[in-house]
Each structure stands twice: as C-alpha cells, then as structure tokens.
Novice: 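There's a structure below that I have some questions on.
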Amino acid sequence: RQWVGLEHAAHLDEPPEFAGKELHELCHRPALVVAVANALAEEADWDWQSRRCLRLMSIATTACRRPLATILANCHQTAAVLSRDCGDSGLLTPAAKLLGGWRQAWVWETPPVNATATAIADVAVASEPGRQSVDSDVASALLTEAMQRLCTPGAIDSTRTAVELVVDAMHSGLGLKRVAALLVRAGSGELQTVLTKGAEHTPALRQFRYASRNNQLLTQLLSKPLCLRLNTANRAKFWPHLPAEFRAAIDCDQLLLMGIFTGERATALLYADNKSANPNDNEAPDDRQHQLFKQFCQQLSLCLTRLAAKP
C-alpha cells in the first residue's frame, strides 16, 4: 500500500504531493532511497521500459522529493557517464540498453524458425522508396550499435564518420523519414546541407545554404544545446521566426532541430521530420523519436569534442 502511495504521489514537473503524514515520514528514512535505488538499478538492467521500472522511477521521485523529470534526467545522465567509462568491453552499456530498448528476457526466448528470413524481408521492405517500416529488433540493434560507437573512444576517426553514423541511425533506426545535417562554416557562420537521408524528393533541402547569423532563432540554437520540437501546439510561436528560405526548403512545420557542438563551438545543425513524398503524409515526430533525437545529438557533440582533443 505504501509503495502504491509513493508511486501515485509523483508528478512530472513538480515535487510530489503526499496524501498523508505516513508517506511524508517514510520519505525521510535514508534506507528507503537506498532500497529503491538498488531495485531500480536491477530492473533497469533487465528492461528500462518495463512497467516495474517505470513504477520504481516514480517511487524514487517521491522518495527523493523531486519532480519526475529531474529524476529521469539524472538517471539518464548517470547511465551515459557510466557507459563512457566502460570502454570497449564488448558488453551492452546502460545507455545502449536505454536507447536500444534492450530487454534481457529476449536472450532466453526461442526465436521462430523463420525469424531470420522475416528480419531480412523487413529490411528489404524498409529500403524501398517511401517505405520506412523497420523491424523493431533490427532498429534497436542499429541504434544500440550506433550509440556504442559514439560512446567508445577510438571507434570513430573523423567528424564525417560520426555525422554519417548519427544521420543513418536517426533515419533507419528511429524511423524519421527525413534527416539532414547542415554544416556551420567556420568564420562566415553559413549553414550548408552536407548530408541527407530520405530527402530525395526535396532538392531544396539537399542544396540549402543560409547565413545563420541573419536569424535570431538559428543563432540561439547554435549558441547552446537546445532542441526545437516544432508541432501544431507551438507553431504560431516558432514557425514565423525560422528563415523564410529554410521554411520553403523543408516545406514542413512539424520537425526537430538541434545544434551540434565541438566543445563550445557550433559545428552543425541536425534536422529531422516525418515528411515523405506524399504531400498528405506529415506526421509529427513522436515522443520517443524526440527523446532519442536529443540524446543522439548530445552524444554526437561529446564524440566530436573527444575527436578534437586527440593529439
């Protein structure tokens, strides 16, 4: 009963609200935080997305008397730090399990006889123009491998390789239908598209060039790591402030946009949406795509910073 009460007391953006004095006193016992943290670590090692793991996250939020968003961010940051310290061990790191949707129970499942054939067929379908339905296992494996390479020092030897890896992971793994990397030219600050996936039907995006210093919103995105998630809810607030040339090139008002940095220097701008050749096909990126887009952008920045620091 107490654990259920702790779970229900949690709020996303506000500290928990206690239903009674009993729960409030329970949260001041140091042993509670230790017990919940141990249970959460064990469950997350099996499946970050399980119902039990999500419940434990809410309970930990109440036990720490913090908003759920704060605890989630701290857990993810800790997973990233631990994963970077793992090196090239050949094992899945906590961050790779989080991003790849890893479930330990899959190891003991008996795959169907035609599993391999099905996976190959799904990949073949996904490679056909206009069709991005990727088998979840294949997509998870692709995302996990990409994140492991980004996190492993020495696994990537150039900026181009790192950007290509992330763009491909976003397109083929996350299922974002159009992804573009726009390089920031040193000195002039000009943005120029250097790499795209799924943009065959929009040559204006593939050939886009623009002086970013002429636009306040782009300047903000290239000054600190912020992700712009544009959708119908905030269209009126942000859409008019994007350059008219950029709006015409993408022809899409539901998108993701985030700066990539080498240290504190803006290196590129990553763009993604779910617009296809069909003019009526323009779904907004979902929550999972949004979160993983941000995390891949952040990890790409860390990777480029490591590369720049190499002697």
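Along the sequence shown, residues carry numbers from 1.
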Novice: Kindly compute the distance separating CD (Glu283) from CG (Asn231), expressed to the nearest 0.5 Å.
Specialist: 13.5 Å
Novice: Using a strict cut-off of less than 4.0 Å between a Lys/Arg side-chain nitrogen and an Asp/Glu carboxylate oxygen, indicate whether Glu164 and Arg160 qualify as a salt bridge.
Specialist: yes
Novice: Rounded to the nearest 0.5 Å, how far apart are OG1 of Thr262 and CG of Leu307?
Specialist: 8.5 Å
Novice: Might you work through the side-chain contact (heavy atoms from CB on, under 4.5 Å) test for Thr202 and Arg178, ending with a clear yes or no?
Specialist: CA-CA 10 Å; Thr202 48; Arg178 288 195 308 181; 3.0 Å; yes
Novice: Does the side-chain contact (heavy atoms from CB on, under 4.5 Å) test come out yes or no for Leu217 and Leu228, once each step is laid out?
Specialist: CA-CA 10 Å; Leu217 181 53; Leu228 173 62; 4.2 Å; yes
Novice: How long is the span from the CD atom in Gln216 to the CG atom in Leu242, to the nearest 0.5 Å?
Specialist: 12.0 Å
Novice: Is there a donor-acceptor contact under 3.5 Å from the side chain of Thr144 to the main chain of Ala141?
Specialist: no
Novice: To the closest 0.5 Å, what do you measure between CE (Met258) and NZ (Lys224)?
Specialist: 12.5 Å
Novice: Counting distance only, does the side-chain N/O of Thr161 pair as donor-acceptor with the main-chain N or O of Asp157 below 3.5 Å?
Specialist: no
Novice: Before you tell me yes or no, could you show the steps for Gln298 and Cys227 under side-chain contact (heavy atoms from CB on, under 4.5 Å), namely the whole-Å CA-CA distance, both residues' side-chain angles and the distance that decides it to 0.1 Å?
Specialist: CA-CA 10 Å; Gln298 292 166 352; Cys227 181; over 6 Å; no
Novice: Does Val163 form a side-chain contact (heavy atoms from CB on, under 4.5 Å) with Thr159? I'd like the steps, not just the answer.
Specialist: CA-CA 6 Å; Val163 174; Thr159 297; 4.2 Å; yes
Novice: Does atom CD of Glu145 have more than 12 heavy-atom neighbours from other groups under 6.0 Å away?
Specialist: no
Novice: Once you round to the nearest 0.5 Å, how far does CG of Leu269 lie from CG of Leu257?
Specialist: 4.0 Å
Novice: Is there a donor-acceptor contact under 3.5 Å from the side chain of Thr305 to the main chain of Gly263?
Specialist: yes
Novice: Using the side chain to side chain donor-acceptor pair (under 3.5 Å) criterion, which residues pair with Asp287? Sequence neighbours excluded.
Specialist: Arg229
Novice: Hey, does the side chain of Arg66 reach the backbone of Cys64 with a donor-acceptor pair shorter than 3.5 angstrom?
Specialist: yes
Novice: Show every side-chain hydrogen bond (donor to acceptor under 3.5 Å, both in side chains) that has at least one partner inside residues 190-199, sequence neighbours left out.
Specialist: Arg185-Gln192, Glu190-Arg209
Novice: Say whether Leu174 and Leu230 are linked into one hydrophobic cluster, either directly or through other cluster members, by side-chain heavy-atom distances under 4.5 angstrom.
Specialist: no
Novice: Between the side chain of Gln291 and the main-chain N/O of Arg288, is any donor-acceptor distance below 3.5 Å?
Specialist: no
Novice: Between the main-chain N or O of Pro16 and the side-chain N or O of His11, is there a donor-acceptor pair closer than 3.5 Å?
Specialist: no
Novice: Please name all residues satisfying ring-ring contact (aromatic ring centres under 6.0 Å, His included) with Phe208, sequence neighbours left out, ordered by chain then number.
Specialist: Phe246
Novice: Would you give the length of the straight line joining atom SG of Cys252 to atom CD of Gln254, rounded to the nearest 0.5 angstrom?
Specialist: 6.5 Å
Novice: If hydrophobic clusters are built by linking Ile, Leu, Val, Met, Phe, Trp and Tyr wherever their side-chain heavy atoms come under 4.5 Å apart, do Leu191 and Leu270 end up in the same one?
Specialist: no
Novice: Can you tell me which residue among Val184, Leu304, Leu182 is in a side chain to side chain contact (heavy atoms under 4.5 Å, CB included) with Ile260?
Specialist: Leu304
